[in-house]
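Remarks on the structure that follows.
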Amino acid sequence: MTQLTKDKTNRLINEKSPYLLQHAHNPVDWYAWGDEAFVEAKRQDKPIFLSIGYSTCHWCHVMEKESFEDEEIAEVLNKHFISIKVDREERPDIDAVYMNATQIMTGSGGWPLSVFLDNDKRPIYAGTYFPKKDGRYGPGFLTLLERISYLWEHDRVKLFESSNIITAELNKTDIENAVNISQDINYEKAIVKCFNQLKNNFDEEYGGFGSAPKFPAPHNLLFLLRYYHCKKDEIALEMVEKTLQCIYGGGIYDHIGFGFSRYSTDRMWLVPHFEKMLYDNALLALTYCETYHCTKNPGYAHVAEEIFEYISRDMTSREGGFYNAEDADSEGAEGKFYLFTKDEVIKLLGAKDGEKFCEKYDISEEGNFENSNILNLMRSAQGSEYDLWNFDVNDKYDENDKKEKTEEFLADCRKRLFKYRKKRVRPFKDDKITTSWNGLMICAFAYGGRILNNENYTDMAKNAAKFILENMSDENGGLYTRYRDGEARFNAVADDYAYFIWGLIELYESTFEKTYLLEAYRLNKVLIDNFWENGALYFTGRDSETLIFRPREIYDGAIPSANSVSISNFIKLSRLCDDHKLAEMAVEIIRFFGKTFENMPFGHSFAMCGLMHLEYLSREIIISCDNIIKGADGRSERSPEFTSFVSEIYANYNPFSTVAYADGEIGEDIEFYKQYENKHDKNNQDKNKSEPTVYICENSVCKQPISDINKLRDMLRN
């Protein structure tokens with residue numbers, strides 16, 4: 001047995017993961033996941049304790065402090081177990097397998113994930129956070145260790161029975177889906193049922209769905225935006241706007257430095273779980289942009305711009321990739337970095353301005369969180385019906401104030417508080433770069449660039465895409481999951497491919513630079529070749545490590561599943577690249593999970609977006625114009641006429657359109673390049689024309705080419 005002290009390190013000191021490095025000085029004799037640990041488990045005939053978490057997880061820190069830094073706990077672990085630590089963001093495949101097992105065993109899951117395995121990696125007991133000592137909610141971690149080590153020595157058969165049952169149950173769902181593939185499902189019925197389930201679960205007073213804890217769940221909102229677009233049901237749009245206004249007004253939003261925390265611990269969005277995750281901010285930025293596109297309300301654009309400012313300022317590497325997350329804790333206390341006392345604000349802003357600001361942002365002497373204050377706008381909004389974009393109107397202080405003057409005053413106060421807050425100890429930043437979450441942020445920046453008419457956002461997306469392609473691609477043209485400190489590692493999972501492909505498609509539609517579309521198509525082929533089997537995508541590829549279970553994800557939880565995103569990706573790529581097989585594969589995914597979609601579409605809202613794309617009016621648009629040249633910096637320089645036509649096309653909110661640019665260039669001698677060229681050459685009927693010509697097809701019916709912008713405007717709005 002290896003004895004460790006606080007002055008020594010364990011094996012994790014040799015890892016790149018910030019989460020594993022946080023545990024490198026624990027007295028626990030940790031192993032990273034790998035052959036060394038499993039060989040030792042068999043050699044010493046010990047069970048395995050598997051701990052999965054991530055570096056910005058508050059309760060992971062709590063369990064470390066209470067148990068993994070504790071000499072008594074470490075002694076028991078080191079004597080009776082082989083202890084393995086896994087960063088879920090580096091190894092989402094391992095996390096997916098044992099999270100599934102935990103949910104089967106306990107009915108819930110989360111992080112830290114604490115799983116006991118036999119030395120064949122099969123789960124025998126699982127849970128999440130355990131306090132060191134017994135309490136009213138059950139046994140403490142020390143008691144649990146003693147019980148399992150006793151059973152391992154004296155009644156191992158009982159533990160093996162448990163592991164066999166759980167392992168069989170893990171594989172059961174995939175087998176059932178494969179057996180019960182629907183020949184067809186009623187798309188309309190599933191879509192409407194999803195809407196009704198969301199409506200029935202909607203919090204009419206504070207927005208969002210369900211009660212505490214509450215997650216923004218932006219993919220639910222994206223579904224509702226599309227449902228509104230197709231059905232013109234005002235209730236769908238009202239749910240979106242109410243939720244976006246309330247989460248912005250609540251404490252879940254950082255009103256000083258911008259960006260959203262992961263979730264709220266209460267119903268009214270006041271008290272956040274203070275960690276900030278890249279994926280949340282990517283999907284929320286996309287949702288605010290899309291809501292602006294749909295409603296033309298500039299308030300939504302304003303929030304998206306603030307999120308983009310936060311990501312650009314604090315979460316972007318010098319090379320262009322986006323960092324993963326920021327911690328909830330600072331100086332060992334959750335939320336300390338973000339909280340203000342009233343005395344602090346008054347001292348900084350002065351009595352008059354400070355009082356005005358404090359009333360606006362719910363800052364009081366007694367505080368609204370642990371004797372301090374989370375800045376929020378909810379208390380200053382009277383009643384359940386209010387307009388978010390009037391939060392910055394405060395006429396009662398000076399009836400002659402204009403809205404612009406009040407906004408300028410509040411913005412100046414926030415800047416002063418931001419400058420003051422910068423002097424505090426900042427929460428830990430997890431600076432690794434993951435392909436999947438970067439794909440989501442690329443998608444948001446690319447979409448924001450064209451909808452908000454901001455080339456800087458487009459450039460952010462381009463730089464990140466370049467970073468991924470140059471630094472996180474393997475020698476076979478596939479992808480890696482994680483990059484940190486000069487090292488790309490771990491075979492990509494389906495999420496990495498699906499989200500990055502989504503981002504590349506959005507980047508193509510924002511730039512019309514063919515490289516992005518062709519790269520999306522190529523990577524989509526890699527995804528299919530390595531992950532597709534019998535009608536759907538597995539989470540792990542054929543070249544990945546073999547685990548006890550190979551999951552197929554479809555549930556849209558904190559983020560949409562790879563299968564859900566791929567339904568939409570396949571449809572778009574089929575139309576952009578003239579590959580009808582991809583549209584058929586999108587339908588195959590729907591059939592594979594058809595029973596699930598019919599029974600509980602609410603849990604698969606992003607997949608429902610793909611069903612809508614197939615069910616309702618969709619549009620293919622190709623714009624042809626030769627009057628585009630490359631500038632000295634490589635950027636496409638568009639003629640004013642071309643820019644006007646593109647602006648007109650994108651002025652209309654249509655989430656089920658594809659927009660391509662045809663220049664008549666001859667593609668490279670690779671089959672998928674030819675497919676792209678063939679698709680667009682067929683529509684590029686008038687070669688060498690300097691004025692733009694637009695070709696529009698709706699549901700496989702093509703209309704006459706349009707070269708008059710007024711006619712284009714009329715057609716797009718009909």
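These numbers come from the heavy atoms of this one structure, side chains and all, not from hydrogens, waters or symmetry mates.
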> Just by distance, with hydrogens left out, do Thr434 and Asn324 show a side-chain donor and acceptor under 3.5 Å apart?
Replying inline: yes
>> If the threshold is 4.0 Å, N to carboxylate O, is there a salt bridge linking Arg484 and Glu90?
In response: no
>> Before you tell me yes or no, could you show the steps for Phe209 and Leu221 under side-chain contact (heavy atoms from CB on, under 4.5 Å), namely the whole-Å CA-CA distance, both residues' side-chain angles and the distance that decides it to 0.1 Å?
In response: CA-CA 10 Å; Phe209 305 93; Leu221 306 179; 4.1 Å; yes
>> To the nearest 0.5 Å, what is the distance between OG on Ser605 and CG on Asn220?
In response: 4.0 Å
> Do the side chain of Asp474 and the main chain of Asn476 share a donor and acceptor less than 3.5 angstrom apart?
Replying inline: yes
>> Using a 3.5 Å distance criterion without hydrogens, assess whether the side chain of Thr658 forms a donor-acceptor pair with backbone atoms of Glu620.
In response: no
>> Looking only at side-chain N and O atoms, does Glu513 offer a donor or acceptor that is under 3.5 Å from a partner on Thr515?
In response: no
> Do we see a donor-acceptor contact under 3.5 Å between the side chains of Thr435 and Thr481?
Replying inline: no
>> Using a 3.5 Å distance criterion without hydrogens, assess whether the side chain of Ser561 forms a donor-acceptor pair with backbone atoms of Ile554.
In response: yes
> With the threshold set at 4.0 Å, does a side-chain nitrogen-carboxylate oxygen contact exist between Glu533 and Arg552?
Replying inline: no
>> Surrounding CG of Asn453 (heavy atoms of other residues, nucleotides or ligands, distance under 6.0 Å), is the total greater than 12?
In response: no
>> I'd like to know if Arg591 pairs up with Glu588 as an ion pair, taking the criterion as any Lys NZ or Arg NE/NH1/NH2 lying under 4.0 Å from an Asp or Glu carboxylate oxygen.
In response: no
> Counting distance only, does the side-chain N/O of Asn201 pair as donor-acceptor with the main-chain N or O of Gln197 below 3.5 Å?
Replying inline: no
>> Do the side chains of Asp87 and Arg91 get close enough for a salt bridge, i.e. N-O under 4.0 angstrom?
In response: no
> So Glu648 and Lys711, salt bridge (Lys or Arg N to Asp or Glu O under 4.0 Å) or not? Walk me through it.
Replying inline: CA-CA 11 Å; Glu648 195 62 52; Lys711 290 182 180 179; over 6 Å; no
> Do Asp579 and Tyr521 have side-chain atoms, one donor and one acceptor, less than 3.5 Å apart?
Replying inline: yes
>> Run Ser657 and Arg619 through side chain to side chain donor-acceptor pair (under 3.5 Å) and show every step you take.
In response: CA-CA 4 Å; Ser657 67; Arg619 187 175 271 165; over 6 Å; no
> Are Glu290 and Tyr653 close enough that a side-chain donor and a side-chain acceptor fall under 3.5 Å?
Replying inline: yes
> Does His219 use its side chain to pair, donor to acceptor, with the backbone of Ala607 at less than 3.5 Å?
Replying inline: no
> Would you find a donor on one side and an acceptor on the other, under 3.5 Å apart, between the side chain of Lys193 and the backbone of Phe597?
Replying inline: no
>> Using only atom types and a distance under 3.5 Å, with no angle test, would you say the side chain of Asn569 pairs donor to acceptor with the backbone of Ala498?
In response: yes
> With sequence neighbours left out, what residues match Asn530 under side-chain contact (heavy atoms from CB on, under 4.5 Å)?
Replying inline: Arg542, Asp543
> Is Tyr497 reaching over with its side chain to a backbone N or O of Ile528, donor-acceptor style, under 3.5 angstrom?
Replying inline: no
>> Keeping Arg550 on the side-chain end and Thr546 on the backbone end, is there a donor-acceptor pair under 3.5 Å?
In response: no
